[in-house]
Amino acid sequence: MIPPGFVQELLSRVDIADVVGRHVELKRSGANLMGLCPFHAEKSPSFSVSPVKQFYHCFGCGASGDAIRFLTEHLGLSFVEAVRDLAQGAGLTVPEDDASPEERERRDTLRQRRLSATAVLTRAAEFYRGQLRAHPRAIDYLKQRGLTGQVAARFGLGYAPPGWRTLAGVFPNYDDPVLEEAGLVRQREAEGDGGEGSHADGGRYDWFRDRIMFPIRGVAGEVIGFGGRVLDDSKPKYMNSPETPVFSKGRELYGLFEARQALRDKGCALVVEGYMDVVALAQAGFTNAVATLGTACTAEHVQKLFRFTDVVVFSFDGDAAGRRAAARALEAALPHASDLRTCLLYTSDAADERSRVDLGGRRIIKKKKTVRSLRAQHTYSREHYNHQLATNTTSVAQ
Ligand code: ZN
C-alpha cells in the first residue's frame, strides 16, 4: 500500500510537462503545451498539457489525467510501478507501510542489481550495434532477409562477433559478477570437462557469439536482454538471454517497446513467433507486431498487451506445433478477454520463418487483408471462444 499522502506529495514535486515531454514532443501554446496525442492517431495536435493544473487532456479522444495516469496509460506501467518511477526521478523514497526493514532492504538490493544489469546490457547493445556496421557478413545476412538499415536501426539490431571473450574489450573488468548476472557471460563448468568452455581463455566466456543480436527492451526502452540468431544453419538457431533479475521470458514480449505507439494507433496487437517476423512485419508497415521469446504465450503476456489494446491477434504457423501454440495462447488469453477485449486467432500457413520473410510483400499483404476482414466481420465474445474451444480448437486456429 502506498499512502495517499505520499502520492499527493509526489504529484506536487514532479512536473507533468517534463514527464509527458519525455515521450511526446510538446510546443508551447498560450498557458498550455500542445503535441500529437500518443493515445490516438492524429496529424494535427489536439493533446494539451497544463503545467498549472498538472493535467493532460486530449480534445480528440478525451484521454486525460495526471502524471501517474500518463505513465500507466502510455507505458503500460502498473500504478505502483508508475509511482516508483516518478519517485525515483524526483529523488523521493516510496514509503511502504507493510514492508519490514529486511523486505525493504531486499527490494533495494534487487533494484540496485536491476540497474547494474540494464546498464551493462545497454552498453553491450551499443557495442553489438557498432559491430554490425563493422561486419559486412552480418549486414549481408540482414539484406538477404530483405531488411533495410532503417528498420535495423529502429530495433537496434547488432552483431556479436565470433570471439570467446569479445566483451572483455568492452568491459575492462570482465570478471565483474554483474556481467554474469545480466546474462552476458557464462562461467565455465567444472575444471576439465572438455566442453565448449575449454576454448575459452580463463573461466568465463561470452554468452552470445557470431549471432545477429536483437535487443529486448523494457517499458522505458532500457535493454533487459537479447535474442541472438545464427547467420547460417547451425544450432541452436535462436538463443535468448537466460533468466536474470531484469529478464523473464514468461513475462516479456519482443518488440513491445517499439510497438507500443502502434498498438494504440492500429487498435490491435499482432502476436507472432519470432524476432525476425516482428522486424520484417514492422518494415512492411505492421509496427504493431510483438513476439514471445521461445515460449508459449502466457497469461502475463496477454495481460501486458491488454494494457495497450483491446484486440490481440495471434498469428502462428499452420503446422501442428503452431496450432498447439495457438491453442495454448488462446487458453492464456481467454480469462482476460471480454466483449471489449476481443481475441482473434489467425494461423498462417507458412511453415517456415524464411518463406514468410522472403515472400515479403505478398504474404504480408495477405496477412493484412485477413486481419482487416477478421476485424470487420467478427466481434467475437468470450462466450464464442469458450464455445469454439470446447467444440473444436483447430477450427478456430485455421
Ligand atoms: Zn487523443
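Ligands are counted one by one from 1 in listed order, and the atoms in each one are counted from 1 as well.
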State whether a side-chain donor-acceptor pair under 3.5 Å links Q54 with D15.
->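 Present: a donor and an acceptor within the cut-off.
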Any residue meeting side chain to side chain contact (heavy atoms under 4.5 Å, CB included) with [X], in chain and number order, not counting sequence neighbours:
{"X": "R133", "value": "none"}
{"X": "Y275", "value": "F214, Y238, N240, Y254, L293"}
{"X": "Q112", "value": "L115"}

Salt-bridge present (E258, R154; N to O < 4.0 Å) = no
Euclidean distance, E126 CD relative to T122 OG1, rounded to 0.5 Å =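 Those atoms lie 7.5 Å apart.
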Listing by chain and number, what protein N/O/S atoms are under 2.8 Å from the Zn ion (ligand 1)?
-> C37 SG, H40 ND1, C58 SG, C61 SG
